[in-house]
Amino acid sequence: MTGARRISLPALAGITAGLFALAIALIFYVAPVDADQGLSQKIFYFHVPIALTSYACFGWGAWKALLHLWKRTPGADLESYVAIHLGVIFGMLTLITGSIWARISWGVWWVWSDDQLVLFLILFLFYCAYFMLRYSVEPGLQRENMSAVYALFGVVLIPISFLAIRISRSIIHPEVFTRHGPQMTHTQFLTFCVSWLAMLFLFATLYGIELAGKRLDSQLRELRELLA
Amino acid sequence: MTPSEKYTAAAYLVVFVGVLAYVLIISSKLQRLQRQVAQIVEELRERIPELDEREREREREREPELERG
(Lines give C-alpha, C1' and ligand atoms only; values in the text may rest on other atoms or scores of the structure.)
Protein backbone atom coordinates (compact mmCIF):
# COMPACT_ATOMS: atom_id res chain seq x y z
CA MET A 1 0.00 0.00 0.00
CA THR A 2 1.65 3.25 -1.08
CA GLY A 3 0.01 5.24 1.70
CA ALA A 4 1.26 2.79 4.30
CA ARG A 5 4.77 3.15 2.88
CA ARG A 6 4.68 6.93 3.12
CA ILE A 7 3.31 7.04 6.66
CA SER A 8 5.32 5.14 9.28
CA LEU A 9 3.57 2.31 11.12
CA PRO A 10 3.55 4.00 14.56
CA ALA A 11 2.04 7.15 12.98
CA LEU A 12 -0.56 5.05 11.17
CA ALA A 13 -1.44 3.25 14.44
CA GLY A 14 -1.72 6.62 16.22
CA ILE A 15 -4.05 8.02 13.55
CA THR A 16 -6.16 4.83 13.75
CA ALA A 17 -6.44 5.10 17.55
CA GLY A 18 -7.40 8.78 17.27
CA LEU A 19 -10.02 8.08 14.61
CA PHE A 20 -11.49 5.26 16.71
CA ALA A 21 -11.73 7.52 19.75
CA LEU A 22 -13.47 10.16 17.62
CA ALA A 23 -15.79 7.58 16.07
CA ILE A 24 -16.80 6.17 19.49
CA ALA A 25 -17.43 9.70 20.81
CA LEU A 26 -19.57 10.55 17.77
CA ILE A 27 -21.49 7.25 17.92
CA PHE A 28 -22.41 7.42 21.60
CA TYR A 29 -22.50 11.16 22.34
CA VAL A 30 -23.33 13.00 19.10
CA ALA A 31 -25.32 10.76 16.72
CA PRO A 32 -29.01 10.72 17.64
CA VAL A 33 -30.67 7.52 18.91
CA ASP A 34 -32.84 6.05 16.13
CA ALA A 35 -36.54 6.53 16.83
CA ASP A 36 -37.47 3.17 15.29
CA GLN A 37 -34.66 0.79 16.34
CA GLY A 38 -33.39 2.55 19.43
CA LEU A 39 -29.82 2.02 20.69
CA SER A 40 -29.25 -1.15 18.62
CA GLN A 41 -29.15 1.01 15.45
CA LYS A 42 -25.70 2.14 16.66
CA ILE A 43 -24.37 -1.27 15.57
CA PHE A 44 -24.75 0.15 12.03
CA TYR A 45 -21.76 2.49 12.60
CA PHE A 46 -19.41 -0.46 13.01
CA HIS A 47 -21.17 -3.20 11.06
CA VAL A 48 -21.45 -1.39 7.68
CA PRO A 49 -17.93 0.18 7.74
CA ILE A 50 -16.47 -3.26 8.60
CA ALA A 51 -18.36 -4.83 5.68
CA LEU A 52 -17.21 -2.09 3.28
CA THR A 53 -13.63 -2.45 4.54
CA SER A 54 -13.73 -6.19 3.90
CA TYR A 55 -14.78 -5.42 0.28
CA ALA A 56 -11.84 -2.96 0.12
CA CYS A 57 -9.48 -5.68 1.43
CA PHE A 58 -10.65 -8.20 -1.16
CA GLY A 59 -10.47 -5.54 -3.89
CA TRP A 60 -6.94 -4.58 -2.84
CA GLY A 61 -5.96 -8.24 -2.75
CA ALA A 62 -7.32 -8.72 -6.28
CA TRP A 63 -5.46 -5.61 -7.52
CA LYS A 64 -2.19 -6.96 -6.12
CA ALA A 65 -2.98 -10.36 -7.66
CA LEU A 66 -3.47 -8.64 -11.03
CA LEU A 67 -0.14 -6.83 -10.61
CA HIS A 68 1.52 -10.16 -9.86
CA LEU A 69 0.10 -11.80 -13.00
CA TRP A 70 0.42 -8.79 -15.29
CA LYS A 71 3.63 -7.01 -14.33
CA ARG A 72 5.26 -9.64 -12.07
CA THR A 73 5.66 -6.97 -9.38
CA PRO A 74 7.97 -8.36 -6.68
CA GLY A 75 6.11 -9.02 -3.43
CA ALA A 76 2.66 -8.51 -5.00
CA ASP A 77 1.67 -12.10 -4.19
CA LEU A 78 2.48 -11.65 -0.50
CA GLU A 79 0.61 -8.31 -0.45
CA SER A 80 -2.40 -9.96 -2.09
CA TYR A 81 -2.32 -12.77 0.49
CA VAL A 82 -2.14 -10.35 3.46
CA ALA A 83 -5.00 -8.20 2.08
CA ILE A 84 -7.22 -11.29 1.61
CA HIS A 85 -6.30 -12.56 5.08
CA LEU A 86 -7.44 -9.25 6.59
CA GLY A 87 -10.52 -9.28 4.35
CA VAL A 88 -11.54 -12.63 5.84
CA ILE A 89 -11.07 -11.25 9.39
CA PHE A 90 -13.17 -8.17 8.58
CA GLY A 91 -15.69 -10.46 6.86
CA MET A 92 -15.98 -12.62 9.97
CA LEU A 93 -16.56 -9.51 12.10
CA THR A 94 -19.23 -8.37 9.60
CA LEU A 95 -21.06 -11.68 9.93
CA ILE A 96 -20.89 -11.68 13.76
CA THR A 97 -21.95 -8.04 14.23
CA GLY A 98 -24.65 -8.51 11.58
CA SER A 99 -25.99 -11.59 13.37
CA ILE A 100 -26.12 -9.72 16.69
CA TRP A 101 -27.97 -6.82 15.03
CA ALA A 102 -30.36 -9.28 13.31
CA ARG A 103 -31.12 -10.94 16.66
CA ILE A 104 -32.22 -7.68 18.28
CA SER A 105 -33.93 -6.20 15.19
CA TRP A 106 -35.55 -9.22 13.52
CA GLY A 107 -35.57 -11.68 16.44
CA VAL A 108 -33.37 -14.23 14.59
CA TRP A 109 -29.61 -14.73 14.23
CA TRP A 110 -29.74 -15.44 10.49
CA VAL A 111 -32.23 -15.16 7.58
CA TRP A 112 -31.56 -17.52 4.67
CA SER A 113 -34.09 -15.72 2.46
CA ASP A 114 -32.11 -12.47 2.51
CA ASP A 115 -29.90 -12.26 -0.61
CA GLN A 116 -27.49 -9.75 0.94
CA LEU A 117 -26.70 -12.05 3.87
CA VAL A 118 -26.35 -15.21 1.79
CA LEU A 119 -24.21 -13.52 -0.89
CA PHE A 120 -21.89 -12.08 1.74
CA LEU A 121 -21.58 -15.54 3.32
CA ILE A 122 -20.72 -17.00 -0.12
CA LEU A 123 -18.08 -14.27 -0.63
CA PHE A 124 -16.65 -14.98 2.83
CA LEU A 125 -16.53 -18.75 2.28
CA PHE A 126 -15.01 -18.24 -1.20
CA TYR A 127 -12.12 -16.31 0.31
CA CYS A 128 -11.79 -18.82 3.19
CA ALA A 129 -11.20 -21.48 0.51
CA TYR A 130 -8.40 -19.26 -0.90
CA PHE A 131 -6.21 -20.36 2.04
CA MET A 132 -7.04 -24.02 1.51
CA LEU A 133 -5.95 -23.71 -2.13
CA ARG A 134 -2.82 -21.71 -1.28
CA TYR A 135 -1.56 -24.12 1.33
CA SER A 136 -2.35 -27.23 -0.72
CA VAL A 137 0.31 -26.23 -3.30
CA GLU A 138 4.07 -26.17 -2.69
CA PRO A 139 5.56 -22.67 -2.37
CA GLY A 140 6.72 -21.26 -5.69
CA LEU A 141 5.54 -19.55 -8.85
CA GLN A 142 2.77 -22.10 -9.46
CA ARG A 143 1.22 -21.39 -6.03
CA GLU A 144 1.54 -17.64 -6.54
CA ASN A 145 -0.15 -17.81 -9.96
CA MET A 146 -2.98 -20.07 -8.77
CA SER A 147 -3.64 -17.86 -5.74
CA ALA A 148 -3.65 -14.74 -7.92
CA VAL A 149 -6.14 -16.22 -10.39
CA TYR A 150 -8.41 -17.32 -7.51
CA ALA A 151 -8.23 -13.85 -5.90
CA LEU A 152 -9.22 -12.29 -9.23
CA PHE A 153 -12.21 -14.64 -9.63
CA GLY A 154 -13.44 -13.68 -6.17
CA VAL A 155 -13.50 -9.98 -6.96
CA VAL A 156 -16.45 -10.63 -9.29
CA LEU A 157 -18.54 -11.53 -6.24
CA ILE A 158 -17.92 -8.12 -4.60
CA PRO A 159 -20.21 -5.98 -6.83
CA ILE A 160 -22.83 -8.75 -6.78
CA SER A 161 -22.76 -8.83 -2.97
CA PHE A 162 -22.74 -5.03 -2.78
CA LEU A 163 -25.60 -4.58 -5.24
CA ALA A 164 -27.66 -7.50 -3.89
CA ILE A 165 -29.48 -5.14 -1.56
CA ARG A 166 -30.69 -3.13 -4.58
CA ILE A 167 -31.39 -6.15 -6.78
CA SER A 168 -33.41 -8.09 -4.19
CA ARG A 169 -35.28 -5.04 -2.82
CA SER A 170 -35.38 -6.80 0.53
CA ILE A 171 -37.68 -5.39 3.16
CA ILE A 172 -35.67 -7.02 5.94
CA HIS A 173 -32.31 -5.50 4.93
CA PRO A 174 -33.12 -1.79 4.45
CA GLU A 175 -31.47 0.26 1.68
CA VAL A 176 -29.65 3.13 3.40
CA PHE A 177 -27.71 4.53 0.42
CA THR A 178 -30.15 5.31 -2.40
CA ARG A 179 -29.87 7.39 -5.61
CA HIS A 180 -31.17 10.34 -3.61
CA GLY A 181 -28.25 10.10 -1.17
CA PRO A 182 -27.89 8.55 2.29
CA GLN A 183 -31.17 8.05 4.15
CA MET A 184 -29.91 9.50 7.44
CA THR A 185 -29.29 12.83 9.14
CA HIS A 186 -26.09 14.83 8.55
CA THR A 187 -24.77 13.89 12.02
CA GLN A 188 -25.45 10.22 11.40
CA PHE A 189 -23.73 10.41 8.00
CA LEU A 190 -20.69 12.19 9.49
CA THR A 191 -20.46 9.53 12.23
CA PHE A 192 -20.69 6.80 9.61
CA CYS A 193 -17.92 8.43 7.50
CA VAL A 194 -15.58 8.79 10.51
CA SER A 195 -16.21 5.17 11.50
CA TRP A 196 -15.48 3.98 7.97
CA LEU A 197 -12.29 6.05 7.83
CA ALA A 198 -11.24 4.54 11.20
CA MET A 199 -11.84 1.02 9.80
CA LEU A 200 -9.85 1.80 6.62
CA PHE A 201 -6.96 3.10 8.74
CA LEU A 202 -7.22 -0.01 10.93
CA PHE A 203 -6.89 -2.11 7.78
CA ALA A 204 -3.87 -0.06 6.63
CA THR A 205 -2.20 -0.44 10.04
CA LEU A 206 -2.80 -4.19 10.34
CA TYR A 207 -1.77 -4.63 6.69
CA GLY A 208 1.52 -2.84 7.37
CA ILE A 209 2.20 -4.85 10.55
CA GLU A 210 1.39 -8.24 9.02
CA LEU A 211 3.32 -7.49 5.84
CA ALA A 212 6.40 -6.41 7.83
CA GLY A 213 6.19 -9.63 9.85
CA LYS A 214 5.81 -11.82 6.74
CA ARG A 215 8.72 -10.10 4.97
CA LEU A 216 10.93 -10.53 8.03
CA ASP A 217 9.91 -14.19 8.21
CA SER A 218 10.87 -14.85 4.57
CA GLN A 219 14.17 -12.97 4.96
CA LEU A 220 15.00 -15.05 8.03
CA ARG A 221 14.19 -18.23 6.13
CA GLU A 222 16.59 -17.15 3.35
CA LEU A 223 19.28 -16.36 5.92
CA ARG A 224 18.83 -19.79 7.53
CA GLU A 225 19.18 -21.47 4.12
CA LEU A 226 22.38 -19.51 3.47
CA LEU A 227 23.78 -20.49 6.86
CA ALA A 228 22.88 -24.16 6.50
CA MET B 1 -29.38 -3.16 31.17
CA THR B 2 -32.01 -3.54 28.42
CA PRO B 3 -31.65 -6.27 25.74
CA SER B 4 -30.94 -3.54 23.16
CA GLU B 5 -28.06 -2.21 25.26
CA LYS B 6 -26.74 -5.75 25.85
CA TYR B 7 -26.68 -6.64 22.14
CA THR B 8 -25.14 -3.29 21.15
CA ALA B 9 -22.40 -3.70 23.78
CA ALA B 10 -21.84 -7.29 22.58
CA ALA B 11 -21.44 -6.18 18.94
CA TYR B 12 -18.84 -3.54 19.86
CA LEU B 13 -17.09 -5.94 22.23
CA VAL B 14 -16.80 -8.57 19.50
CA VAL B 15 -14.99 -6.08 17.25
CA PHE B 16 -12.56 -4.98 19.96
CA VAL B 17 -11.90 -8.54 21.14
CA GLY B 18 -11.38 -9.61 17.51
CA VAL B 19 -8.85 -6.86 16.85
CA LEU B 20 -7.13 -7.54 20.19
CA ALA B 21 -6.88 -11.27 19.41
CA TYR B 22 -5.36 -10.43 16.02
CA VAL B 23 -2.80 -8.08 17.64
CA LEU B 24 -1.93 -10.80 20.20
CA ILE B 25 -1.39 -13.39 17.45
CA ILE B 26 0.82 -10.97 15.49
CA SER B 27 2.82 -10.06 18.62
CA SER B 28 3.41 -13.76 19.41
CA LYS B 29 4.63 -14.24 15.81
CA LEU B 30 6.98 -11.28 16.21
CA GLN B 31 8.33 -12.79 19.44
CA ARG B 32 9.02 -16.03 17.55
CA LEU B 33 10.87 -14.04 14.87
CA GLN B 34 12.88 -12.27 17.57
CA ARG B 35 13.89 -15.65 18.99
CA GLN B 36 14.93 -16.84 15.51
CA VAL B 37 17.04 -13.70 14.96
CA ALA B 38 18.72 -14.28 18.34
CA GLN B 39 19.45 -17.93 17.35
CA ILE B 40 20.98 -16.86 14.03
CA VAL B 41 23.15 -14.25 15.78
CA GLU B 42 24.29 -16.94 18.22
CA GLU B 43 25.09 -19.35 15.37
CA LEU B 44 27.08 -16.67 13.56
CA ARG B 45 29.04 -15.86 16.71
CA GLU B 46 29.93 -19.54 17.07
CA ARG B 47 30.95 -19.75 13.43
CA ILE B 48 33.06 -16.60 13.22
CA PRO B 49 36.03 -17.96 15.29
CA GLU B 50 35.83 -21.09 13.16
CA LEU B 51 36.05 -19.00 10.00
CA ASP B 52 38.87 -16.94 11.47
CA GLU B 53 40.81 -20.16 12.19
CA ARG B 54 40.36 -21.35 8.57
CA GLU B 55 41.59 -18.01 7.27
CA ARG B 56 44.71 -18.24 9.49
CA GLU B 57 45.40 -21.78 8.24
CA ARG B 58 45.20 -20.59 4.62
CA GLU B 59 47.62 -17.77 5.37
CA ARG B 60 50.04 -20.22 7.04
CA GLU B 61 49.87 -22.43 3.91
CA ARG B 62 50.60 -19.46 1.66
CA GLU B 63 53.60 -18.21 3.71
CA PRO B 64 56.13 -20.97 2.66
CA GLU B 65 55.12 -20.48 -0.99
CA LEU B 66 55.81 -16.76 -0.70
CA GLU B 67 59.17 -17.44 1.01
CA ARG B 68 60.17 -19.81 -1.82
CA GLY B 69 59.05 -17.26 -4.45
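In what follows, every chain begins at residue 1, and chains take the letters A, B, ... in the order their sequences are listed. Below, all heavy atoms of this structure are taken into account, side chains as well, without hydrogens, waters or symmetry copies.
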Measure the [atom1]-[atom2] distance between [X] and [Y] for me, rounded to the nearest 0.5 Å.
X: B:Thr2; Y: A:Leu39; atom1: OG1; atom2: CG; answer: 7.0 Å
X: B:Arg35; Y: A:Leu220; atom1: CZ; atom2: CG; answer: 12.5 Å
X: A:Asp217; Y: B:Arg32; atom1: CG; atom2: CZ; answer: 5.0 Å
X: B:Ile40; Y: A:Leu227; atom1: CD1; atom2: CG; answer: 6.0 Å
X: A:Ser99; Y: B:Tyr7; atom1: OG; atom2: OH; answer: 11.0 Å
X: A:Ile100; Y: B:Leu13; atom1: CD1; atom2: CG; answer: 9.0 Å

Task: Distance-only polar pair, side chains of A:Arg224 and B:Gln39, donor-acceptor under 3.5 Å - done: yes

Is it the side chain or the backbone of [X] that comes within 4.5 Å of chain B heavy atoms, both, or neither?
X: A:Leu206; answer: both
X: A:Ile89; answer: side chain
X: A:Leu86; answer: side chain
X: A:Leu93; answer: side chain

Task: Minimum side-chain heavy-atom gap B:Lys29-A:Lys214 below 4.5 Å - done: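 B:Lys29 reaches A:Lys214 side chain to side chain.
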
Task: Top contributor to chain B contacts, counting heavy-atom pairs under 4.5 Å, from A:Ile24, A:Ile43, A:Ile27, A:Ile50 - done: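 It is A:Ile43.
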
- [ ] Look only at the side chain of B:Ser4 and the backbone of A:Ser40, and say whether a donor-acceptor pair between them is shorter than 3.5 Å.
- [x]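 Yes, the answer is positive, given that a donor and an acceptor are paired below the 3.5 Å cut-off.
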
Open item on the list: Does A:Trp101, at its CH2 atom, have more than 12 non-hydrogen atoms belonging to other residues, nucleotides or ligands within less than 6.0 Å?
Closed with: yes

Open item on the list: Can you tell me if A:Met184 has over 12 outside heavy atoms packed within less than 6.0 Å of its CE?
Closed with: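 Buried by this count: over 12 neighbours within 6.0 Å.
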
Task: Proximal component of B:Ile26, with respect to chain A [non-hydrogen, under 4.5 Å] - done: side chain

- [ ] Tell me, for B:Val37 versus chain A, whether the close heavy atoms (under 4.5 Å) come from the side chain, the backbone, both or neither.
- [x]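 The answer is both parts of B:Val37.
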
Open item on the list: Can you tell me how the ring of B:Phe16 sits relative to the ring of A:Phe20, calling it parallel under 30°, perpendicular over 60° and tilted otherwise?
Closed with: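 Judged by the thresholds at 30° and 60°, the geometry between B:Phe16 and A:Phe20 is perpendicular.
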
- [ ] Answer with yes or no after comparing the ring centroid distance for A:Phe28 and B:Tyr12 against a 6.0 Å cut-off, counting only values under it.
- [x]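 Close enough - the centres of the two rings lie under 6.0 Å apart.
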
Task: Minimum heavy-atom distance A:Gly213-B:Leu30, with the two atoms named - done: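 In this case the closest contact between A:Gly213 and B:Leu30 is CA-CD2, 4.4 Å.
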
Open item on the list: Please determine whether a side-chain nitrogen of the Lys or Arg among B:Glu5 and A:Lys42 lies less than 4.0 Å from a carboxylate oxygen of the Asp or Glu.
Closed with: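 The answer is no: the pair does not qualify as a salt bridge.
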
